[in-house]
Every structure is written in structure tokens, then in C-alpha cells.
Q: 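Sharing a structure with you now.
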Amino acid sequence: DTATATAREALNRLAALDGSTPQMSDSTLNRFKFLRAKALIGSGETDAGCDSLYTIEGKLSQSTTLRRSGQFLIDLCRNR
């Protein structure tokens with residue numbers, strides 16, 4: 001399906017940035033981890049995506065830009 005293919009493409013594009021993560025600021029790294037977790041969930045790798053979200057849950061709750069969408073996905077993970 002199209003959504004799954006889009007999520008897999010996002011994962012491929014994010015993989016190209018993996019080597020840059022040590023130089024990322026904390027906020028950029030959190031956004032990167034969030035986007036990767038979201039793409040994992042969208043591609044059908046729900047367990048891996050949810051596990052990734054759980055590792056940054058505290059940081060997401062403190063983020064003004066990712067708080068709501070992060071909490072939505074975490075709630076989704078907990079209720080599956």
C-alpha cells in the first residue's frame with residue numbers, strides 16, 4: 001500500500017543521516033528519532049517503532065513541537 005511504501009522510503013532517507021547523529025543538537029536528534037519511530041510504525045515495524053518512542057518519551061513530553069504528536073503515537077503503542 002502507498003502509506004507503507006512512503007514510510008519505507010522515509011526510513012531509507014533517514015538511514016542516510018544515521019552517521020550524522022553524533023553531531024546533531026539534542027532537539028534535532030529527538031526530532032530524528034521521532035521521525036524514525038513514526039516511519040517504523042508506518043512501515044509495519046510497530047514493535048521497533050514503539051520501542052524507539054518509549055526511549056524518548058520524556059524528551060517528547062518536554063518538546064513544544066513534538067509533544068502532541070509524540071503523545072498520540074505513544075498512546076497508540078500502549079493501546080495496541
Side-chain angles (χ1 to χ4, degrees):
D1 103 17
T2 306
T4 302
T6 302
R8 290 192 190 280
E9 178 63 25
L11 284 172
N12 289 337
R13 290 175 186 241
L14 288 167
L17 299 174
D18 275 337
S20 301
T21 56
Q23 293 86 20
M24 291 181 184
S25 68
D26 286 344
S27 62
T28 302
L29 183 59
N30 290 334
R31 183 176 295 273
F32 173 82
K33 289 179 179 181
F34 171 77
L35 292 172
R36 185 171 165 196
K38 183 177 175 183
L40 284 167
I41 292 169
S43 70
E45 298 180 45
T46 308
D47 289 341
C50 289
D51 289 345
S52 294
L53 281 175
Y54 296 147
T55 64
I56 60 170
E57 183 175 4
K59 293 177 182 179
L60 289 175
S61 69
Q62 296 172 3
S63 170
T64 56
T65 57
L66 298 175
R67 182 181 309 134
R68 291 181 71 190
S69 53
Q71 191 58 54
F72 174 81
L73 286 177
I74 288 169
D75 289 345
L76 180 76
C77 288
R78 288 195 176 127
N79 293 316
R80 57 187 171 100

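Sequential numbering from 1 along the given sequence is applied to the chain's residues.
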Q: Please list all pairs passing the side-chain hydrogen bond (donor to acceptor under 3.5 Å, both in side chains) test where one or both residues lie in residues 13-22, with sequence neighbours left out.
A: Glu9-Arg13
Q: Report the distance from atom CD of Gln71 to atom CD of Glu57, rounding to the nearest 0.5 Å.
A: 6.5 Å
Q: So, taking the atom named OH in Tyr54 and the one named CG in Leu73, what distance separates them when rounded to the nearest 0.5 Å?
A: 10.5 Å
Q: In terms of hydrophobic clustering (I, L, V, M, F, W, Y; side-chain heavy atoms under 4.5 Å; direct or indirect links), are Ile74 and Phe32 co-clustered?
A: yes
Q: Between Arg78 (side chain only) and Asp75 (backbone N and O only), is there a donor and an acceptor less than 3.5 Å apart?
A: no
Q: Indicate, with yes or no, if Leu66 and Leu14 share a hydrophobic cluster defined by side-chain heavy-atom contacts under 4.5 Å among Ile, Leu, Val, Met, Phe, Trp and Tyr.
A: yes
Q: Of all residues at least two apart in sequence or in a different chain, which pass the side-chain contact (heavy atoms from CB on, under 4.5 Å) check with Thr4?
A: Asp1, Arg8
Q: Within the structure provided, determine whether Asn30 and Ser63 are in side-chain contact (heavy-atom separation under 4.5 Å).
A: no
Q: State the CD-OG distance between Gln62 and Ser27, to the nearest 0.5 angstrom.
A: 12.5 Å
Q: When you measure from the side chain of Arg67 to the backbone N and O of Ser61, does any donor-acceptor pair fall under 3.5 Å?
A: yes
Q: Going from CZ on Arg31 to CD1 on Ile56, what distance comes out if it is rounded to the nearest 0.5 angstrom?
A: 11.0 Å
Q: What's the spacing between Leu60 CG and Ser69 OG if we round to 0.5 Å?
A: 7.5 Å
Q: Under 3.5 Å, which donor-acceptor pairs link side chains of residues 33-44 to any protein atom two or more places apart or in another chain?
A:
residue: Ser43; atom: OG; partner: Ala39; partner atom: O; Å: 3.3
residue: Ser43; atom: OG; partner: Leu40; partner atom: O; Å: 3.0

Q: Any heavy-atom pair between the side chains of Glu45 and Asp51 that's under 4.5 Å?
A: no
